[in-house]
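By convention here, the first residue in the shown sequence is residue 1.
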Amino acid sequence: PGWPLFAALQNPGLSLISGLLVTLPVFLQAPWVRLAPFSAAVFTVPLLALALLLSRQSNPRLSRAGQLLVGFSGSWLAGCLFWGWCRLHPIWHLPIEAFVLPLALTGLRGPWKLACGFYLGSLLGTAATDAAMAASGVMTFWPQVLSASPADAPLLLQAAALQVLSPLPLLLVIGSAAMLLQACRWLWQRGEVGRVTSSALATTLAVDALFLLAALLAPGLSGLI
């Protein structure tokens, strides 16, 4: 079946949309929440309304795209809540991101399975990222970077990235990435929902790699994400 991201680019559809939606919180939501967290959170309402409207369309493509947006709405709201008001407390990151986990798990066999698949893929990517940060010892830099002055934050961010390149943390990160890529390949073979989940997870890994590279080479730029 090939690698998920490459296959998604060859056959544009829900998988590609799923991957693109994962990047929106990184490049759009993050600066918005930093400037105006309340309005970013309220944006969930029109976003969800659009998702429900699309999901009721007779066109199957529009209907499935609407379902994806429903799952994305859950991720968007969770991200706004954490990054808007709890960003200095990384211990709360995963619990807040997982606030609709019970619904997502029970909905995998229902009519909203695409929404659930996207949300779970995004959540799994978040969990993997947080676990890798904790295992590599860079989690302590999190509140320091976010509370530092604009002049100091890039230096702290670069120091955290350099710590990832230490032998043991680097081995842990590479091993985790390899296991998640295998999980992506396995999910890709499990039908449409699996491909959506796989694309969301694989895109998260790609964004993490991009962020690490930016933190090493251009920490001032990565601080904008």
Which atoms form the tightest heavy-atom contact between Leu157 and Ala215, and what is the distance?
CG-CB, 4.0 Å
Taking NZ, NE, NH1 and NH2 as the nitrogens, is one of them in Lys113 or Glu192 under 4.0 Å from a carboxylate oxygen of the other?
no
Looking at Ser122 and Phe118, would you say the former's side chain and the latter's main chain have a donor-acceptor pair under 3.5 Å?
yes
Please tell me if the side chains of Pro90 and Pro143 come closer than 4.5 Å, counting only heavy atoms from C-beta onward.
yes
Nearest heavy atoms of Ala161 and Leu212, plus distance in Å
CB-CD1, 3.8 Å
Checking the side chain of Gln67 only, and the main-chain atoms of Ser55 only, is there a donor and an acceptor separated by less than 3.5 Å?
no
Going from CD on Glu97 to OG1 on Thr126, what distance comes out if it is rounded to the nearest 0.5 angstrom?
5.0 Å
Short side-chain to backbone donor-acceptor contact, Arg87 and Gly84, under 3.5 Å:
yes
Backbone of Ser136 reached by a side-chain donor or acceptor of Gln163 within 3.5 Å:
yes
Under 4.5 Å between side-chain heavy atoms, hopping through other hydrophobics if needed: is there a path connecting Leu171 to Met139?
no
Go through it in stages, so that I can follow the logic: the residues are Trp32 and Ser39, the test is side chain to side chain donor-acceptor pair (under 3.5 Å), and I'd like the CA-CA distance, side-chain angles, deciding distance and then a yes or no.
CA-CA 8 Å; Trp32 187 355; Ser39 65; 2.9 Å; yes
Return yes when atom CZ of Arg190 has more than 12 non-hydrogen atoms of other residues, nucleotides or ligands closer than 6.0 Å, and no otherwise.
yes
Could you check whether any side-chain N or O of Ser73 sits under 3.5 Å from a backbone N or O of Leu69, counting only pairs where one atom can act as donor and the other as acceptor?
yes
Report, as yes or no, whether the 6.0 Å neighbourhood of atom CG on Leu217 holds more than 12 heavy atoms from other residues, nucleotides or ligands.
yes
From Leu54 atom CG to Asn59 atom CG, the distance as rounded to the nearest 0.5 Å
10.0 Å
Same hydrophobic cluster for Ile17 and Leu48, using side-chain heavy-atom links shorter than 4.5 Å among ILVMFWY?
no
Any chance you could measure Asp208, atom CG, to Leu213, atom CG, to the nearest 0.5 Å?
12.5 Å
Hey, any chance Leu47 and Val70 share a hydrophobic cluster, counting ILVMFWY side chains that come within less than 4.5 Å of each other, even indirectly?
no
So, do Ile96 and Cys86 sit near enough that their side-chain heavy atoms are less than 4.5 Å apart?
yes
Trace of the side-chain contact (heavy atoms from CB on, under 4.5 Å) decision for Phe99 with Leu77
CA-CA 10 Å; Phe99 82 108; Leu77 178 59; 4.0 Å; yes
Are the side chains of Leu16 and Ser199 in contact, using a 4.5 Å heavy-atom criterion?
no
Has the side chain of Ser149 got a donor or acceptor atom that lies under 3.5 Å from a matching backbone atom of Asp152?
yes
Which distance, rounded to the nearest 0.5 Å, do you find between the OG1 of Thr203 and the CG of Leu210?
12.0 Å
Backbone N/O of Arg185 and side chain of Gln189: donor-acceptor pair under 3.5 Å:
yes
What one should report as the nearest heavy-atom pair of Ala40 and Val33 is CB-CG2, 3.8 Å
Distance (rounded to the nearest 0.5 Å) between Leu103 CG and Leu108 CG
11.5 Å
So do Val100 and Tyr119 actually touch side chain to side chain, heavy atoms under 4.5 Å?
yes
Looking at Leu101, Leu201, Thr204, Thr197, which hits side chain to side chain contact (heavy atoms under 4.5 Å, CB included) with Leu123?
Leu101
Nearest atoms (heavy-atom pairs only) where Asp130 meets Leu94:
OD2-N, 4.0 Å
Cluster overlap Leu62 with Leu50, hydrophobic side-chain contacts below 4.5 Å
yes
For Phe43, run the ring pair (Phe, Tyr, Trp, His ring centres under 6.0 Å) check against Phe72, Trp76, Phe38 and tell me which one passes.
Trp76
Distance in Å, His89 NE2 paired with Leu146 CG, rounded so as to fall on 0.5 Å steps:
10.5 Å
Transitively linked via ILVMFWY side-chain contacts under 4.5 Å: Leu24 with Val196?
yes
Whether Ser198 side chain and Gly194 backbone form a donor-acceptor pair below 3.5 Å:
no
Trace of the side-chain contact (heavy atoms from CB on, under 4.5 Å) decision for Gln29 with Cys80:
CA-CA 8 Å; Gln29 185 184 35; Cys80 289; 3.1 Å; yes
Heavy-atom side-chain proximity of Trp83 to Pro37 below 4.5 angstrom:
no
Please walk me through it: do Leu216 and Leu165 pass side-chain contact (heavy atoms from CB on, under 4.5 Å)?
CA-CA 10 Å; Leu216 288 169; Leu165 297 184; 3.9 Å; yes
Determine whether the aromatic ring centres of Trp142 and Trp92 lie less than 6.0 Å apart.
no
Which is it for Cys116 and Leu105 under the side-chain contact (heavy atoms from CB on, under 4.5 Å) test, yes or no, and what are the steps along the way?
CA-CA 7 Å; Cys116 298; Leu105 290 174; over 6 Å; no
